[in-house]
Each structure stands twice: as structure tokens, then as C-alpha cells.
Amino acid sequence: MTKEHIYLDYNATAPLLPEAHAAMVGALSVDANPSSVHAPGRAARRIVEDARRDVADLAGGKAEHVVFTSGATEAATTLLTPHWTMGRAPVRMSRLYVAATDHPCLLSGGRFEKAEMTVLPVDGNGVIDLEALEKVLAAHDRTQGLPLVAVHAANNESGVLQPVEHIAGMVRAAGGVLVVDAVQMAGRLPLALDSGKIGDFVILSAHKIGAPKGVGAFVGRSDLMMPAPLVVGGGQEKGHRAGTENVAGVAGFGAAARIALAGLDDMKDVTALRDRFEATVKDHAPDAVLVGGAAARLPNTLFFAAPGMKAETLQMAFDLEGIALSAGSACSSGKVGPSHVLAAMGLDADAGAIRVSIGRATTENELNAFAETWERIVARRAERRRSAA
Ligand code: PLP
């Protein structure tokens, strides 16, 4: 992203908050290792533990149940394993249930073999098929181990929200463990992990809330039952994730978590602005289709398909005019491929859809610039059609 670009791609990553930047710079001047027992070491430890409390508050959980990782993907890979322990006793998760529109960090199955996984379908609005979940949980063979269910709370492409509270009840009744990818929900809607309404573990990513990339966490409701660690070594993070903590990154994460929690009330303004982006799209292209339009959605996300316009081409047109948005998710290494989210919803994945995702810093002027650009793009397309006719 250049400074001149208008940035409407918060679901890919949110711009670094000045408070997170300042916290990181402050942490970088503390030289010691947070595991050292001397005074400088204790200062570094304090930074990590303060951030742990802030991240726990954002999740609605307890500081002692936060495990810092290198990001949500590592957190998911840690949790998605057949091998767990309760105290010293081994516990086996014999099957992993994920949703077709989950982020690839869940869909890849972590440390499960493909044969040990079931992918649940979603409906035309991208909502997980609860009857299908009910069926597979009823059929789960508990003599082999427990069911592990891993679903996203809010979709990164469409913003569609999943009925997580309902799912949590179903998984609890089946005696299973529920992991919820709350990466896109955090800081946009309240999380209340300790209420039991969003499962047993949540996964968070720092860079989606205005902290640096390469930091994340998982937070449990308790630490009674824990996954076998993915990264082993020096026993940091109570043995759940070895390796010296990324003190500066964690400090940025804590600062951003504090701001995200305090800013939850501003989300109604973000929703109002997002709705005006939506109205603008419809003003100039009444045939545009809102993806997941009939489902509950995140306050900041607008995902639409414009019939006859390929999303990839549209995204490039916006980019040329200085507006950064995306055609679906930010895929790895810049590759653009058909969206598995659209495909799972039974929509035209090849044509794709445009995602506008905004944040608290998005302005009226940016909406106006988007509206003018959209109008120009639609007019050019109409002109091309006229001259081709
Ligand atoms: N889950 C969701 C819903 C996401 O949107 C992302 C990032 O795109 C991730 C997980 C992965 O997060 P990270 O980049 O921290 O590994």
C-alpha cells in the first residue's frame, strides 16, 4: 500500500495503529529476555504479561489462558491436532470437523490426516449447515476419541457470521471441543470466551486489529485440556509454545487489543458507513449482488458481485485509480484463484466478487472517492458495451 492509496482492505490486514507502533518502539528499547530473572528481564516479562491481560480482555477470557504464537495460522495448527492432554492423561481427538468456508488455516486440517477430517457444507448465504453438523456429531464414534470442531466466527471474504453460540451448545452436548477462529470478529463484535458461548478456544491474529503481522494467540476457557505443542523447546508459554516471546510484537498486539476493545461501541458508525458503501454500489450498478446479503454479517465488510464484470479486473481498475480493495481474500504470494468461499456458497467463483472492508479510520472522503471511481468504472463499461453493440 502506498500512502496515496485509499485503503479499503482491512480484512486482509488493518493499518498499524500509532499506539501499537509506540508500544513496539518502547518494547524494542528493553534489551532483556523475558525469561531472564534479573531486573531488565523482569521489565521485558512485564511487557509480555501486560499484553497478555489486554489480549485476554479482548477475548473475554483470562490472562493465564492466553498462549502467544506467530499468528493465527500457527495457533490453528497447534490446536488442530489429534493429540491432547488432560493434566498428564492423553486425550485423543479422533476426528476434525471444519466448515467449507473456513480460512485455509482450519481447512488444511492442521496436524490431522485428510482421512480424519469432515468438511461441513454451508448454505447459499455461507452459514454452516447445522443439520449436517448435528448428523455428523450424532454419528461420531466416541470409542475412537472425541470430536474436535473448528469453525470461523466471521468469514474473512463475506463477513458472514456463523451461529457460534448454537454450535457451541451442539459440540458441548456431543462432549467435543470447539475451536473458533475469531480473527475477523475480534475488535468488531464482542467476544465473551468465558461465557462458554463461543466455544472452548478462540484464535486471534494481531495484524487484523492494527497490530503488527506475525503475532497471534489462542485463548482457552481453561487450560485443563490442552493440545500437544507444535513448537517444542525451552518451555516458554507454560510449555504450550516454546521459543522466546516476540516482545515487541506482543506489546503491539496488547496495545491494539486495548484500543479494539474500547472502540467496540464505534462499530455502529462503521456499520452505517459500510451501508453507504453498499448503497453507492447499488446506485451505479443496481444488478450488483450482495454476497451473504441475507445473513448476519460483520459491521465492516461488503462483498458484492457485479454481473458481467470479473472481480479481478474490477480490483485492478480500482487499484489503478488509487483504491486498495480486494477480489476475495488476500491469497498467498499474490496469487489470485477462484474463491473457495464463493464456490462453497454455490456462487460463480470464477467471476469472483469484490470485497470492501473498512475500519474505524475510514472516512467520508474515502467513501466519496470510492463512489466517484465506481461511477467511472461502471460508465466505462457501459460505453464499451455500447460501442461493441
Ligand atoms: N483466519 C482468518 C479468518 C483470517 O482472515 C486470517 C488471515 O487472513 C487467518 C485466520 C490467518 O491469520 P494469520 O495471518 O495471523 O496467520
Side-chain angles (χ1 to χ4, degrees), residues 1-30 34 44 47-48 50-59 66 68-75 103 105 154 156 159 181-189 191 203-217 219 245-267 269-270 273-274 298-301 319 322-326 329-334 355-363 365-366 369-370:
M1 170 183 35
T2 62
K3 284 291 170 208
E4 301 78 48
H5 256 73
I6 288 173
Y7 190 72
L8 305 176
D9 203 12
Y10 278 65
N11 288 13
T13 198
L16 189 68
L17 289 167
E19 293 85 349
H21 186 272
M24 288 166 73
V25 170
L28 285 171
S29 64
V30 178
I47 292 172
V48 172
D50 285 352
R52 197 184 302 282
R53 195 202 49 232
D54 291 329
V55 169
D57 287 348
L58 180 65
V66 173
F68 286 119
T69 63
S70 68
T73 299
E74 186 195 316
H103 187 273
C105 72
N156 48 307
D181 170 353
V183 164
Q184 296 291 347
M185 183 114 131
R188 297 184 178 138
L189 291 168
L191 295 173
I203 293 171
L204 304 172
S205 175
H207 72 99
K208 307 290 183 176
I209 61 165
K213 297 157 194 74
V215 190
V219 191
E245 291 90 345
N246 171 1
V247 179
V250 160
F253 192 6
R258 231 176 12 252
I259 307 249
L261 185 61
L264 279 176
D265 284 346
D266 302 342
M267 280 299 136
D269 300 334
V270 172
L273 190 60
R274 189 274 316 269
L298 282 175
N300 78 315
T301 308
D319 191 29
I323 296 185
L325 40 65
S326 96
S329 57
C331 303
S332 55
S333 51
R355 180 183 68 188
V356 173
S357 54
I358 62 175
R360 273 178 294 126
T362 306
T363 63
N365 282 347
E366 291 176 324
F370 170 85

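Each residue takes its place number in the sequence, starting with 1. For the numbers below, each heavy atom of this structure counts, side chains included, while hydrogens, waters and symmetry mates do not. Computed from a prediction, not measured in an experiment: that's the story for all the values here.
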* Taking only residues at least two apart or on different chains, which pairs with a member in residues 13-24 satisfy side-chain hydrogen bond (donor to acceptor under 3.5 Å, both in side chains)? -> T13-H207
Side chains of residues 246-265: which donor-acceptor pairs under 3.5 Å do they make with residues two or more places apart or in other chains?
{"unit_1": "N246", "atom_1": "OD1", "unit_2": "G249", "atom_2": "N", "d": "2.9"}
{"unit_1": "R258", "atom_1": "NH1", "unit_2": "D54", "atom_2": "OD2", "d": "2.6"}

* Does the side chain of I6 reach to within under 4.5 Å of the side chain of T363, using non-hydrogen atoms? -> no
* Residues in side-chain hydrogen bond (donor to acceptor under 3.5 Å, both in side chains) contact with S357, at least two apart in sequence or another chain -> none
* Would you say L298 and R274 make side-chain contact, with heavy atoms under 4.5 Å? -> no
* To do: For R188, check salt bridge (charged side-chain N to carboxylate O under 4.0 Å, His left out) against everything at least two apart and list the hits.
  => none
* Structure fact -> Tightest non-hydrogen contact, residues A217 and A75, listed as O-CB, 3.7 Å
* Shortest non-hydrogen contact from N300 to N11? -> ND2-OD1, 2.9 Å
* Structure fact -> Nearest heavy-atom contact between D9 and S326 is OD1-CB, 3.5 Å
* Quick one: closest heavy-atom pair of H103 and D181, and the distance? => CB-OD2, 3.8 Å
* Between I323 and L8, is any pair of side-chain heavy atoms under 4.5 Å apart? -> yes
* Asked: With a 4.5 Å limit on heavy-atom distance, are the side chains of L189 and M267 in contact?
  -> no
* Asked: ring-ring contact (aromatic ring centres under 6.0 Å, His included) with Y10: which residues, sequence neighbours excluded?
  -> Y7
* To do: Report the residues that fulfil salt bridge (charged side-chain N to carboxylate O under 4.0 Å, His left out) with D57, sequence neighbours left out, ordered by chain and then residue number.
  => none
* What residues, two or more places apart in sequence or in another chain, satisfy side-chain hydrogen bond (donor to acceptor under 3.5 Å, both in side chains) together with D319? -> H5
* Verdict with reasoning, V270 to T362, per side-chain contact (heavy atoms from CB on, under 4.5 Å) -> CA-CA 8 Å; V270 172; T362 306; over 6 Å; no
* Structure fact -> Between A20 and G210 the two heavy atoms that sit nearest each other are CB-O, 3.4 Å
* Hey, could you give me each pair passing salt bridge (charged side-chain N to carboxylate O under 4.0 Å, His left out) that has a residue in residues 203-215? Not counting sequence neighbours. => none
* Asked: How long is the gap from CG on L28 to CD1 on I47, to the nearest 0.5 Å?
  -> 9.0 Å
* Structure fact -> By salt bridge (charged side-chain N to carboxylate O under 4.0 Å, His left out), E245 pairs with (sequence neighbours left out) R45
* Asked: What pairs with A186 under side chain to side chain contact (heavy atoms under 4.5 Å, CB included), at least two apart in sequence or on another chain?
  -> L58, L191, L204, I209
* Quick one: list whatever passes side-chain hydrogen bond (donor to acceptor under 3.5 Å, both in side chains) with S70, sequence neighbours left out. => E74
* To do: Kindly give the heavy-atom pair with the smallest separation between A211 and L16, and that separation in Å.
  => C-CD1, 3.6 Å
